[in-house]
Enquirer: 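Before I ask anything, let me first share the structure, which is written out below as structure tokens.
Order of listing sets the numbers, starting from 1, for every ligand and every atom in it. In what follows, every heavy atom counts, from backbone to side chain, and hydrogens, waters and symmetry copies are set aside. Because the structure is a prediction, the values reported are computed rather than measured.
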Amino acid sequence: MGKYILIIGACGQIGTELTLALRAKYGNDHVIASDIREGSDNLMESGPFEILDATDYDALEEVIAYYEINDVYLMAAMLSATAEKFPMRAWNLNMNSLFNVLNLAKEKKVDKVFWPSSIAVFGPNTPKQNTKQNTIMEPSTVYGISKQSGERWCEYYFKKFDVDVRSIRYPGLISWKTMPGGGTTDYAVDIYHKALEEGSYSCFLKADTALPMMYMDDAIRATLQIMDADSENIKVRSSYNLAAMSFTPSAMAESIQNHIPDFEIAYEPDFRQAIADSWPNSIDDSQAKKDWGWQAEFDLEATTKEMLGNLK
Ligand code: NAD
């Protein structure tokens, strides 16, 4: 038989690659992609797809019953930069979608839930270097507040209702298959496109803004790994710190210049600088390493090689 999986928000930057990875692992027909819009050709053509609004409990319940879903991956959300423009819409989407899925799991309509958190749960009072799993948080963005609240609810549903929910605090994710969806780390994807198309890039963050980042292959591997881990090994039921690399825009530009020597970068910080300034520079992910064997594989140089090679 094998399990059936529903991905909500499957057409986004992470959802697209996650769907393809899960289809390769569990079989195309076992992985149902869903979103409020259609996605890339390879996502739409490789398996089942449903138009589904994550804030509609009844519609979710119906799709889950129809496909006899075991595991849900909730990837729908409004990201950090966009959420600052539409605070209430972001809060409603980010929280109601999570409550819907947690409540379906509480009703035992699904077995296991994956819900991503973010480094945005940390704030200006958080120690910035090698930020620990448990530390001061106090997020100062709409998005960060929704993610921190979400973490508290995940842990609550685990403790109170035995809901098997698992979560990772993703750093900024770098990928070439799908464009990012309105986050503060989007520059780290845009820069490769512009380097190849125009030979130059104007960055919306300052040259020395260090942020935690990860190549998408590592993020997908981590997601499959935490969902495969034995339940007793998942000691953190809020969300796990996860890390791979940390770098500044100027370091990223240098790594591109090693391949495209004429590449030029300019800096024109906008409102996203304040968001980036409130986040950690680097993350301590020792708990994820200890509990379920996490180990990153891609550093900045490997990421640049992959990005330029694939985008060419
Ligand atoms: P994205 O914006 O690229 O994709 C989100 C998808 O959700 C989109 O395809 C969108 O159409 C869909 N969506 C929006 N409203 C919906 C609704 N009401 N019902 C169903 N689908 C809806 O985002 P992403 O980068 O793929 O992020 C996925 C998750 O990972 C989010 O929870 C995000 O907060 C988290 N995350 C992402 C990053 C990153 O760098 N990309 C970092 C940390 C955390």
Enquirer: Verify the neighbour count for atom NZ of Lys305: are there more than 12 heavy atoms of other residues, nucleotides or ligands below 6.0 Å?
Expert: no
Enquirer: Under a 3.5 Å threshold, I'd like every N/O contact between ligand 1 and protein atoms, with atom names and distance.
Expert:
residue: ligand 1; atom: 3 (O); partner: Gln13; partner atom: N; Å: 2.8
residue: ligand 1; atom: 9 (O); partner: Gly12; partner atom: N; Å: 3.1
residue: ligand 1; atom: 9 (O); partner: Asp35; partner atom: OD2; Å: 2.7
residue: ligand 1; atom: 9 (O); partner: Arg37; partner atom: NE; Å: 3.3
residue: ligand 1; atom: 9 (O); partner: Arg37; partner atom: NH2; Å: 2.8
residue: ligand 1; atom: 11 (O); partner: Asp35; partner atom: OD1; Å: 2.7
residue: ligand 1; atom: 11 (O); partner: Arg37; partner atom: NE; Å: 2.9
residue: ligand 1; atom: 18 (N); partner: Asp53; partner atom: OD1; Å: 2.8
residue: ligand 1; atom: 19 (N); partner: Ala54; partner atom: N; Å: 2.8
residue: ligand 1; atom: 26 (O); partner: Gln13; partner atom: N; Å: 3.2
residue: ligand 1; atom: 26 (O); partner: Ile14; partner atom: N; Å: 2.8
residue: ligand 1; atom: 32 (O); partner: Lys147; partner atom: NZ; Å: 2.9
residue: ligand 1; atom: 34 (O); partner: Tyr143; partner atom: OH; Å: 2.5
residue: ligand 1; atom: 34 (O); partner: Lys147; partner atom: NZ; Å: 3.1
residue: ligand 1; atom: 40 (O); partner: Leu173; partner atom: N; Å: 3.0
residue: ligand 1; atom: 41 (N); partner: Gln13; partner atom: OE1; Å: 2.9

Enquirer: Suppose the criterion is side chain to side chain donor-acceptor pair (under 3.5 Å): which pairs have a residue in residues 185-197, not counting sequence neighbours?
Expert: Tyr192-Thr304
Enquirer: Hey, could you give me each pair passing ring pair (Phe, Tyr, Trp, His ring centres under 6.0 Å) that has a residue in residues 87-132? Not counting sequence neighbours.
Expert: Tyr73-Phe114, Phe99-Trp153
Enquirer: Between Asp284 and Lys289, is there a salt bridge with N-O shorter than 4.0 Å?
Expert: no
Enquirer: Mind checking who shares a hydrophobic cluster with Ile51, ILVMFWY linked at side-chain heavy-atom distances under 4.5 Å?
Expert: Leu43, Met44, Phe49
Enquirer: Taking Ser282 for the side chain and Asn130 for the main chain, is one N or O donor matched with an acceptor at less than 3.5 Å?
Expert: yes
